[in-house]
Structure formats: C-alpha cells, structure tokens
Amino acid sequence: MSDCIFCKIVAGEIPCKKVYEDDEVLAFHDIHPVAPVHFMIVPKAHVDSLLHCDDGHRAILGKILLLAPRLAREQGLATGFRTAINTGRDGGQEVFHLHVHVYGGSGPRPL
Ligand code: AMP
Ligand code: ZN
C-alpha cells in the first residue's frame, strides 16, 4: 500500500495535525475542512473502503464509531456533529483508505 496517502500519514511519512492516536487508529484534521472543526478517524491497518470490510472489521468499525463522539466533544463539538463515510467512486470517495469524517461547528447544514 506504498502509494496510499493515509498509510503514509499513519507511518509518519507525511505530516498531519493529529487529534488522537493509539495502536489501532489515527485521527487527524482534514487538510480541506468543510466546517470549523473537521477531522477524520482512520484504522491504521489499510482497508480500501466500507465495501471492502467484512466481519473481521467489526471491532475496528465499532471502535471508530465510538471514538467519534468522544473526540468530537474534545474538539468542541459537544452539542452535535456530522459524520460521513464516502464509499467508492460513486460515493464520492477520493482517498481509498477507509476514513470516517467528523465535522461541525457551523450549525446544521443540508445533506
Ligand atoms: P473522501 O475520500 O472524499 O471521503 O475524502 C478524502 C479527504 O481527505 C478529503 O476531505 C481531503 O481533504 C482529505 N485529505 C486528503 N489528503 C489529506 C492530507 N494529506 N491530510 C489531511 N487530509 C487530507
Ligand atoms: Zn492505506
């Protein structure tokens, strides 16, 4: 996966504005934020997208979703936030390393 930009961020080869890290996940701010607060949570182990997940990813997906409200609160989004998982080219995915967008801080916005 040497050409995966998020694997390079996980490996420390490309810098990021880190929000959270442990041995399984990394969260960092989006380089092109769509809201005052916008970060992504990614599994450290490469998987292309939600279309490529199976039962073996159950724990990491649950962990990421449970991290979202905790990190959102720490980033000042205590009263609410939006999550997005773009999946596949037809789902608007641009970086093919699974990531959960967490963003907010500008009030409700249309889908
Ligand atoms: P998507 O695959 O469409 O869900 O979105 C990929 C996201 O990754 C976009 O919001 C980009 O702004 C973001 N992105 C791309 N490269 C970087 C980077 N080096 N650091 C942080 N965010 C990035
Ligand atoms: Zn990757």
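Small disclaimer: the values here were computed from a predicted structure and weren't measured.
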His99 and His101 aromatic centres sub-6.0 Å: yes
Residue pair Val102 / Leu71, side-chain heavy-atom distance below 4.5 Å: no
Residues Arg89 and Glu94 bridged, charged N to O under 4.0 Å: no
pair Asp48-His97: side-chain heavy atoms closer than 4.5 Å: no
Atom CG of Asp90 with >12 non-hydrogen neighbours under 6.0 angstrom: no
With sequence neighbours excluded, residues passing side-chain contact (heavy atoms from CB on, under 4.5 Å) with Ile14: Ile5, Lys8, Ile9
Centroid-centroid under 6.0 Å between Phe81 and Phe39 rings: no
Ring centre gap for His29 and His38 strictly below 6.0 Å: no
Given Leu26, Leu98, Leu61, the one that forms side-chain contact (heavy atoms from CB on, under 4.5 Å) with Pro43: Leu98
Stepwise side chain to side chain contact (heavy atoms under 4.5 Å, CB included) test for Arg82 and Tyr103: CA-CA 5 Å; Arg82 181 159 287 188; Tyr103 54 99; 3.3 Å; yes
Remaining members of hydrophobic cluster (4.5 Å side-chain criterion), Leu66: none
Counterpart residues, side-chain contact (heavy atoms from CB on, under 4.5 Å), relative to Asp22 (two or more places apart): Tyr20, Glu24, Val25, Lys63
ILVMFWY cluster, Val19 and Leu67 together (side-chain gap under 4.5 Å): yes
